Amino acid sequence: MSLEKILLGTVQSGVQALYNQTFNENLIQFQKTKKEFDGDITLVTFPIVKFSKEAPHITGEKLGAFLLENSDLVSAYNVVKGFLNLSIVDTFWVDQLNTISETVNYGFSPSNGKLYMVEYSSPNTNKPLHLGHLRNNFLGYSVAEILKANGFEVVKTQIVNDRGIHICKSMLAWEQFGNGETPESTGLKGDKLVGKYYVRFDQELKKETKALVNAWVAETNDDQNLDEAILKLISAYQNNDESAQAGIFDKLSELAKNQTAIMKSAQDMLLKWEQKDPAVYKLWSTLNGWVYDGFESTYQAMGVDFDKLYYESETYLTGKDLVEDGLKKGIFFQKDDGSIWIDLTDDGLDEKLVLRGDGTAVYMTQDMGTASQRFLDYPKLNGITYTVGNEQDYHFKVLFLILKKLGYAWAENCFHLSYGMVDLPTGKMKSREGTVVDADDLMQEVVDKAKAGSQERGHLEGMSDTDKNNLYQTIGMGGLKYYLLKVDPKKRMLFNPEESVDLNGNTGPFIQYAFARINSLLKSDFKVKPVLKTVELHDSEREIIKLLIDFPQVIKEAGTELSPALIANYTYELVKLYNSFYQSVSIFKESDDEKINLRLNLSKNVGDTIKKSMHLLGINVPNQM
RNA sequence: GGGCCAGUAGCUCAGCUGGAUAGAGCACCUCCCUUCUAAGGAGGCGGUCAAAGGUUCGAAUCCUUUCUGGCUCACCA
């Protein structure tokens with residue numbers, strides 16, 4: 001039973017005895033005593049004043065005296081305004097520490113029999129993974145681990161975005177300009193090679209677009225086949241001054257894009273792909289194969305994995321049945337051009353397209369299909385969490401609403417783990433402007449930095465080269481993951497390259513270092529036993545025990561909030577307290593064996609908690625660093 | 001224009017289901033390695049919690065309005 005629960009009963013009988021009142025326990029508010037005051041736990045007496053009809057400090061005094069008299073736990077009290085600060089006997093804290101030590105899997109919940117799916121990553125197969133994907137992957141992986149710690153069985157999954165016009169763009173550019181290049185012939189990772197041709201396509205497209213628009217606006221242009229909107233713009237361009245021309249040129253460029261030869265070829269290729277043209281299919285599977293090899297090595301470096309993969313090329317058609325079904329049920333409606341929509345205006349949203357006029361699937365169609373497929377594949381499935389950026393908030397709001405309207409009870413248990421964009425000090429990442437931070441490059445950089453830092457400090461005598469390299473990996477990746485996970489997922493965050501490889505302060509390596517020091521302590525021959533109740537606690541020891549008591553609650557909250565940041569912040573607090581303790585008391589210079597035992601016992605529990613917390617973030621901890 | 005999200009120290013972030021004098025890290029300035037790993041610790045400097053009203057014994061936290069920034073409202077994904 002928690003301290004608050006135990007005290008609650010005594011407070012209630014106190015109120016009964018003093019004021020002959022019984023009242024709702026919600027009115028009894030406990031909070032942690034702030035560190036500038038004496039005490040361990042504080043009762044806020046303002047709400048009780050309503051019944052006592054006294055000044056808050058009078059009621060505090062009376063209740064304090066009652067508690068001191070009637071509770072074995074309370075050893076002292078003091079009153080500051082409306083706050084009754086209670087000191088709790090050390091035996092209670094020692095007892096708690098022993099309980100924590102004896103609890104198997106302390107902080108983790110037993111299985112609740114529920115199956116949950118966490119979707120994350122879900123990249124396009126036309127370009128390499130970047131910094132944004134790192135936040136996504138680390139978040140998704142961590143949330144999956146946190147849900148497991150809360151008793152769920154979890155299937156980690158992704159939907160691989162392997163089809164569509166953007167995929168055809170890189171295919172086409174490779175075909176036209178690639179000269180048969182392969183990962184082997186160039187030494188490039190597959191995803192990098194394909195990404196290179198995606199960029200190449202864009203360059204060609206820009207070049208052709210510009211040429212086309214220049215031809216349109218030239219005096220000699222007599223192409224009468226252009227549609228009216230374009231002709232209007234051309235005439236506007238020709239009859240305006242230079243300052244207005246730039247804007248018109250941009251508008252024309254937008255229209256011209258789709259009329260360039262290269263874009264038409266790409267669209268043509270998509271059509272052929274949908275018709276399963278053998279040559280196009282072969283090209284598609286070859287390039288995607290390269291990309292998957294590249295991704296595989298990136299995922300490995302990230303330390304993330306998946307239990308089940310879904311491919312858009314396999315699921316994009318399945319949503320159509322749902323649309324047909326919904327149309328019959330009158331949930332959707334058809335417009336004259338054949339396109340199918342849902343009217344969500346009653347729910348405060350818009351009309352939303354669910355199937356194109358030509359009968360092809362849109363994003364929404366596919367996501368409906370994929371969701372339903374997943375519940376078919378896993379009949380026990382309770383819900384899905386989608387780790388997707390917050391620019392898709394509206395999409396998921398609509399998706400879940402549609403699924404609900406289609407009558408799926410499980411739609412209630414689908415959540416969008418919406419996370420904010422990662423900005424750079426220079427602003428937004430833009431692939432077109434080449435400001436994207438590549439995932440592989442960044443991971444390599446942080447590992448290199450960790451290596452340099454470790455070598456400078458030189459605590460690694462007697463370690464093999466393999467172990468050293470693993471350590472650099474652990475520290476570098478630990479720093480990067482911690483950096484991206486310590487911020488509330490919902491919030492947009494700034495990625496500062498300098499800070500991300502920092503090893504001091506609120507960082508992954510700071511926490512790893514505390515673990516390594518604890519590990520070093522525990523290597524002694526001293527045999528750790530349960531702590532005797534008679535031991536007197538140092539302030540820093542008591543504070544650590546108090547924080548350890550919170551661990552299970554933190555894991556629960558991280559689970560309901562889907563927020564690894566809560567775990568990160570908790571661990572940081574714990575490590576700060578531990579470091580302070582480590583500095584202020586000596587362990588092996590202590591003459592009293594019982595105190596040595598207490599301190600090692602405490603250290604071991606802190607170490608275990610650090611390890612478990614970091615595990616929930618996908619971060620490893622080193623025994624030595 | 002409608003909807004959603006955010007605005008806290010020079011910078012990056014906690015705190016937000018209302019409670020005491022708003023906290024960390026970085027940066028800057030002092031100290032501490034003949035104690036177990038100094039990737040550490042102790043301290044200092046630094047705030048109109050975007051602004052104005054309101055509710056309350058009490059507001060960074062809840063409500064209203066305004067300002068600023070972002071995302072979104074595609075027969076793109």
Side-chain angles (χ1 to χ4, degrees), chain A residues 29 31 33-34 36-37 42 44-47 49-50 55-56 80-83 85 122 124 161 163-167 312 335 337-341 348-364 366-367 389-395 397-398 418 420-421 423 425 428 450 453-454 456-460 475 479 483 486-488 490-496 498-500 502-514 516-521 523-524 565-566 568-569 572-573 575-576 578-590 599-600 603 624-625:
Chain A
Q29 292 177 24
Q31 63 187 45
T33 304
K34 295 219 165 198
E36 56 266 38
F37 301 100
T42 295
V44 183
T45 56
F46 289 106
V49 168
K50 289 196 176 94
V80 181
K81 292 188 272 185
F83 300 92
N85 301 319
S122 302
N124 290 346
N161 205 325
R163 62 163 282 279
I165 189 71
H166 49 293
I167 309 296
E312 198 187 310
K335 291 194 177 176
D337 60 4
S339 59
I340 300 178
W341 297 71
L349 306 172
D350 304 297
E351 285 186 356
K352 190 82 190 171
L353 178 86
V354 292
L355 198 69
R356 287 196 190 99
D358 63 2
T360 58
V362 288
Y363 187 36
M364 191 60 76
Q366 163 209 312
D367 269 6
N390 65 7
E391 74 272 21
Q392 296 194 31
D393 283 356
Y394 185 73
H395 171 76
K397 205 169 168 183
V398 171
S418 163
M421 295 291 100
D423 288 327
K428 244 190 115 163
S454 294
E456 202 176 295
R457 283 164 239 274
H459 290 155
L460 307 182
I475 298 173
Y483 184 85
K486 73 177 175 186
V487 181
D488 183 347
K490 291 196 294 290
K491 290 192 178 169
R492 159 182 289 269
M493 71 176 289
L494 187 91
F495 181 83
N496 186 325
E498 309 263 307
E499 275 180 30
S500 70
D502 207 333
L503 310 168
N504 305 311
N506 188 0
T507 65
F510 171 88
I511 288 165
Q512 291 171 322
Y513 182 66
R517 290 209 296 199
I518 289 171
N519 190 261
S520 169
L521 288 176
K523 276 192 278 191
S524 89
L566 298 179
N569 289 333
Y572 177 59
E573 286 302 320
V575 167
K576 268 201 300 185
Y578 184 81
N579 282 346
S580 181
F581 154 82
Y582 183 90
Q583 205 80 23
S584 57
V585 306
S586 158
I587 294 178
F588 292 115
K589 288 269 160 76
E590 171 63 48
R599 288 168 191 172
L600 286 178
S603 298
Q624 184 186 349
M625 72 185 273

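Owing to the predicted nature of the structure, the values given are computational and were not obtained by experimental measurement. Chain letters run A, B, ... following the sequence lines, proteins first and then strands; every chain starts at 1.
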N or O in side chain of A/Lys490 less than 4.0 angstrom from B/C4 OP1/OP2 | no
Can you pull every protein N or O that's under 3.5 Å from an N or O on nucleotides 68-74 of chain B?
unit_1, atom_1, unit_2, atom_2, d
B/G70, O2', A/Arg492, NH2, 2.5
B/C71, OP1, A/Lys428, NZ, 3.3
B/C73, O2', A/Asp350, OD2, 2.8

Watson-Crick or G-U wobble partner for B/C16, using a 3.5 Å limit on both distances?
-> none
Nucleotides 22-29 of chain B: which of its N/O atoms have a protein N/O under 3.5 Å away?
unit_1, atom_1, unit_2, atom_2, d
B/A24, O2', A/Tyr572, OH, 2.8
B/A24, O2', A/Lys576, NZ, 3.3
B/G25, O2', A/Asn506, N, 3.4

What does B/C62 pair with, Watson-Crick or G-U, if both distances are under 3.5 Å?
-> B/G54
Answer with base, sugar-phosphate or nothing: what part of the nucleic acid does A/Lys491 contact at a heavy-atom distance below 4.0 Å?
-> base
Would you say a side-chain N or O of A/Arg356 is under 4.0 Å from OP1 or OP2 of B/C76?
-> yes
Under 3.5 Å on both distances, the Watson-Crick or G-U partner of B/U30 = B/A42
Per A/Asn124 side chain, nearest of listed nucleotides B/G19, B/C36, B/A77 | B/A77
Using a heavy-atom cut-off of under 4.0 Å over every strand shown, decide if A/Gln31 touches base, sugar-phosphate, or nothing.
-> base
Donor-acceptor pair under 3.5 Å, A/Ser584 side chain vs B/A42 base = no
Near-parallel close stack of A/Phe37 and B/A20 base (under 5.5 Å, under 30°) = yes
What nucleic acid atoms does A/Asn579 come within less than 4.0 Å of, heavy atoms only: base, sugar-phosphate, or nothing?
-> sugar-phosphate
Would you tell me whether A/Asp393 and A/Ser418 have side-chain atoms, one donor and one acceptor, within less than 3.5 Å of each other?
-> yes
The residue, A/Arg517 or A/Ser339, whose nearest nucleotide of RNA chain B is more 5′ is A/Arg517
Answer yes or no: is there a side-chain heavy-atom contact under 4.5 Å between A/Arg599 and A/Leu521?
-> no
Nearest-nucleotide comparison on RNA chain B, the residue closer to the 5′ end among A/Val362 and A/Leu494 = A/Leu494
Which part of the nucleic acid does A/Phe588 contact within heavy-atom distance under 4.0 Å: base, sugar-phosphate only, or nothing?
-> base
Hey, does A/Asp488 reach any base, or is it just sugar-phosphate, or nothing, if we go heavy atoms under 4.0 Å?
-> sugar-phosphate
Should B/C4 be called syn or anti, with syn set as within 90° of 0?
-> anti
May I ask you to say what A/Ile587 touches in the nucleic acid, namely base, sugar-phosphate or nothing, with a heavy-atom cut-off under 4.0 Å?
-> base
Between B/A39 and A/Tyr513, is there an OP1 or OP2 to side-chain N/O distance shorter than 4.0 Å?
-> yes
Select one nucleotide: of B/U37, B/U35, B/A14, the one nearest the side-chain heavy atoms of A/Tyr582.
-> B/U37
Who does B/A6 pair with, Watson-Crick or G-U, both distances under 3.5 Å?
-> B/U68
Sugar-phosphate only, base, or nothing, as touched by A/Ile475 at under 4.0 Å among non-hydrogen atoms = base
Does A/Ser580 place a side-chain N or O at less than 4.0 Å from the phosphate oxygens OP1/OP2 of B/A42?
-> yes
Distance-only donor-acceptor check, side chains A/Asn579 and A/Arg517, under 3.5 Å | yes
Please work out whether the ring planes of A/Tyr363 and A/His395 are parallel, tilted or perpendicular, with thresholds of 30° and 60°.
-> parallel
Looking across every strand, which nucleic acid part, if any, lies under 4.0 Å from A/Gly453 by heavy atom: base, sugar-phosphate, or nothing?
-> nothing
May A/Phe46 be described as stacking on the base of B/G19, applying a 5.5 Å centroid limit and a 30° limit on plane angle?
-> yes
Assign the ring pair A/His459 / A/Tyr513 to parallel, tilted or perpendicular, where the plane angle (0 to 90°) is split at 30° and 60°.
-> parallel
Evaluate the side-chain proximity of A/Ile587 to A/Ser603: yes if any heavy-atom separation is below 4.5 Å, no if none is.
-> yes
What nucleic acid atoms does A/Ser454 come within less than 4.0 Å of, heavy atoms only: base, sugar-phosphate, or nothing?
-> base
Could you please name the partner base of B/A22, counting Watson-Crick and G-U wobble pairs only when both distances are under 3.5 Å?
-> none
Selected nucleotide, minimal atom distance to A/Val44 side chain, candidates B/U35, B/G19, B/G7 = B/G19
Do A/Val585 and A/Glu590 touch side chain to side chain, with heavy atoms closer than 4.5 Å?
-> no
Of the listed nucleotides B/U37, B/G40, B/A14, the one nearest the side chain of A/Val487 = B/A14
A/Arg356 with A/Asp358: basic N within carboxylate O range, under 4.0 Å = no
Base, sugar-phosphate, or nothing: which does A/Asn519 touch, judged by heavy atoms less than 4.0 Å apart?
-> nothing
Looking at every strand, decide which applies to A/Val49 at a 4.0 Å heavy-atom threshold: base, sugar-phosphate, or nothing.
-> nothing
